[in-house]
Engineer: 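The structure follows.
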Amino acid sequence: MIANAARLIAAIASALWLVSWFMPAVDGVSGAKAFLYAIAGRDDADAAAHILSALTNLVFPVLAFLALTGRARRRGLFIKVALACALMNSWWLVTALREGEAAGLRIGYYAWLAAFALLVVSGVSIRRT
């Protein structure tokens, strides 16, 4: 039962993550374009955070695959990596709140962030071996 719950949650997370690429993440920018902007980096103080956040999108499919196929053998490591990605991606929200620009974040950003949070929940649901 628990293994099925982990897979179901991972499937929902995967669907959210995929859809978020096509939804608006910020004013007039889809998730895919936001990824390209972030991965390109800039010469400012936040460049490392932009790139690290973008790189979490390379980790997501690996974690989702492990959860969906039941191959996530190291539950603790899975949870830590998923949580690190979710926290890294919350940097955008924290920055927007700090700068008074949270209204600029759109549904695609929140769907994307929720996908990573659901991976954490999926990891918690994985049966211990």
Side-chain angles (χ1 to χ4, degrees):
M1 176 69 179
I2 297 291
N4 290 336
R7 288 182 176 141
L8 175 62
I9 294 166
I12 294 168
S14 297
L16 265 178
W17 182 77
L18 285 171
V19 169
S20 74
W21 285 79
F22 303 99
M23 300 171 84
V26 292
D27 289 331
V29 178
S30 69
K33 283 186 181 177
F35 168 77
L36 293 174
Y37 292 150
I39 201 74
R42 294 185 273 187
D43 290 333
D44 63 13
D46 296 330
H50 291 176
I51 293 169
L52 287 173
S53 178
L55 291 176
T56 65
N57 288 292
L58 302 177
V59 176
F60 187 96
V62 174
L63 292 176
F65 174 79
L66 292 173
L68 288 168
T69 60
R71 294 183 181 174
R73 302 282 185 243
R74 298 183 65 190
R75 177 179 178 254
L77 180 60
F78 182 98
I79 294 168
K80 288 174 187 171
V81 171
L83 184 59
C85 289
L87 290 174
M88 183 68 241
N89 293 331
S90 68
W91 174 87
W92 297 99
L93 177 60
V94 171
T95 300
L97 289 169
R98 186 183 66 221
E99 295 174 359
E101 298 176 1
L105 295 174
R106 297 288 180 240
I107 189 71
Y109 167 76
Y110 294 107
W112 178 69
L113 185 60
F116 281 92
L118 284 172
L119 272 187
V120 175
V121 174
S122 175
V124 171
S125 301
I126 293 171
R127 188 172 4 134
R128 294 178 198 231
T129 55

Engineer: Check whether any side-chain heavy atom of Val26 lies under 4.5 Å from a side-chain heavy atom of Tyr109, and answer yes or no.
Structural biologist: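 No; the side chains remain at least 4.5 Å from each other.
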Engineer: Quick one: closest heavy-atom pair of Ala111 and Ser20, and the distance?
Structural biologist: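 Taking every non-hydrogen atom into account, CB-CB, 4.1 Å.
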Engineer: Which atoms form the tightest heavy-atom contact between Trp92 and Ala38, and what is the distance?
Structural biologist: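 Where Trp92 meets Ala38 most closely, the heavy atoms are CZ2-CB, 4.1 Å.
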Engineer: NE2/His50 to CG/Asp44 distance, rounded to the nearest 0.5 angstrom?
Structural biologist: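 Atom-to-atom, His50:NE2 and Asp44:CG are 5.5 Å apart.
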Engineer: Under the side-chain hydrogen bond (donor to acceptor under 3.5 Å, both in side chains) criterion, do Asp46 and Trp91 qualify, and how do the steps go?
Structural biologist: CA-CA 10 Å; Asp46 296 330; Trp91 174 87; 4.9 Å; no
Engineer: If two hydrophobic side chains count as joined below 4.5 Å and joins carry through other members, does Phe116 share a cluster with Leu93?
Structural biologist: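 In one cluster: yes.
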Engineer: Would Trp21 and Phe35 count as a close aromatic pair, with their ring centres under 6.0 Å?
Structural biologist: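 Ring centres of Phe35 and Trp21 closer than 6.0 Å.
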Engineer: Of the non-hydrogen atoms in Met23 and Ile107, which two are nearest, and what is the gap between them?
Structural biologist: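 Nearest pair, atom of Met23 first, then Ile107: CE-CG2, 3.4 Å.
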Engineer: Kindly give the heavy-atom pair with the smallest separation between Phe60 and Ala115, and that separation in Å.
Structural biologist: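 Shortest heavy-atom contact: CE1-O, 3.7 Å.
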Engineer: Under 3.5 Å, is there a donor-acceptor pair between the side chain of Asn89 and the main chain of Ala86?
Structural biologist: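 No, Asn89 side chain to Ala86 backbone: no donor-acceptor pair under 3.5 Å.
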Engineer: Using the rule side-chain contact (heavy atoms from CB on, under 4.5 Å), only one of Leu68, Val124, Leu119, Val121 pairs with Ile9; which is it?
Structural biologist: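 Exactly one option meets the side-chain contact (heavy atoms from CB on, under 4.5 Å) with Ile9, and it is Val121.
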Engineer: Should Leu36 and Val59 be regarded as members of a common hydrophobic cluster, given that ILVMFWY residues are connected when their side-chain heavy atoms come within less than 4.5 Å of each other, either directly or indirectly?
Structural biologist: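 Linked within one cluster.
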Engineer: Look up atom OG1 in Thr56 and atom CE in Met88, then write down how far apart they are to the nearest 0.5 Å.
Structural biologist: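 One finds 8.0 Å between OG1 of Thr56 and CE of Met88.
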Engineer: Got a donor-acceptor contact below 3.5 angstrom from the Ser122 side chain to the Leu118 backbone?
Structural biologist: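 It does not hold such a pair.
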Engineer: Examine Tyr110 and Trp17 and state if one hydrophobic cluster contains both, with Ile, Leu, Val, Met, Phe, Trp and Tyr joined whenever side-chain heavy atoms are less than 4.5 Å apart.
Structural biologist: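 The answer is yes; both residues are in one hydrophobic cluster.
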Engineer: Could you walk me through whether Trp112 and Leu16 pass the side chain to side chain contact (heavy atoms under 4.5 Å, CB included) check?
Structural biologist: CA-CA 6 Å; Trp112 178 69; Leu16 265 178; over 6 Å; no
Engineer: State, to 0.1 Å, how close Ile126 and Arg75 come at their nearest heavy-atom pair, and which atoms those are.
Structural biologist: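 Closest pair (atom of Ile126, atom of Arg75, distance): O-NE, 3.1 Å.
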Engineer: Taking a hydrophobic cluster as the set of Ile, Leu, Val, Met, Phe, Trp and Tyr residues connected by side-chain heavy atoms closer than 4.5 Å, whether directly or through intermediates, do Leu66 and Leu77 fall within one such cluster?
Structural biologist: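 Yes, it is one cluster - the side chains of Leu66 and Leu77 are joined through contacts under 4.5 Å.
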Engineer: Going hydrophobic residue to hydrophobic residue with side-chain gaps under 4.5 angstrom, can you get from Leu113 over to Leu97?
Structural biologist: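 They do share one cluster, since a chain of ILVMFWY contacts under 4.5 Å joins Leu113 to Leu97.
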Engineer: How long is the gap from OG on Ser125 to CG on Asn4, to the nearest 0.5 Å?
Structural biologist: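 So the gap between those two atoms works out to 11.0 Å.
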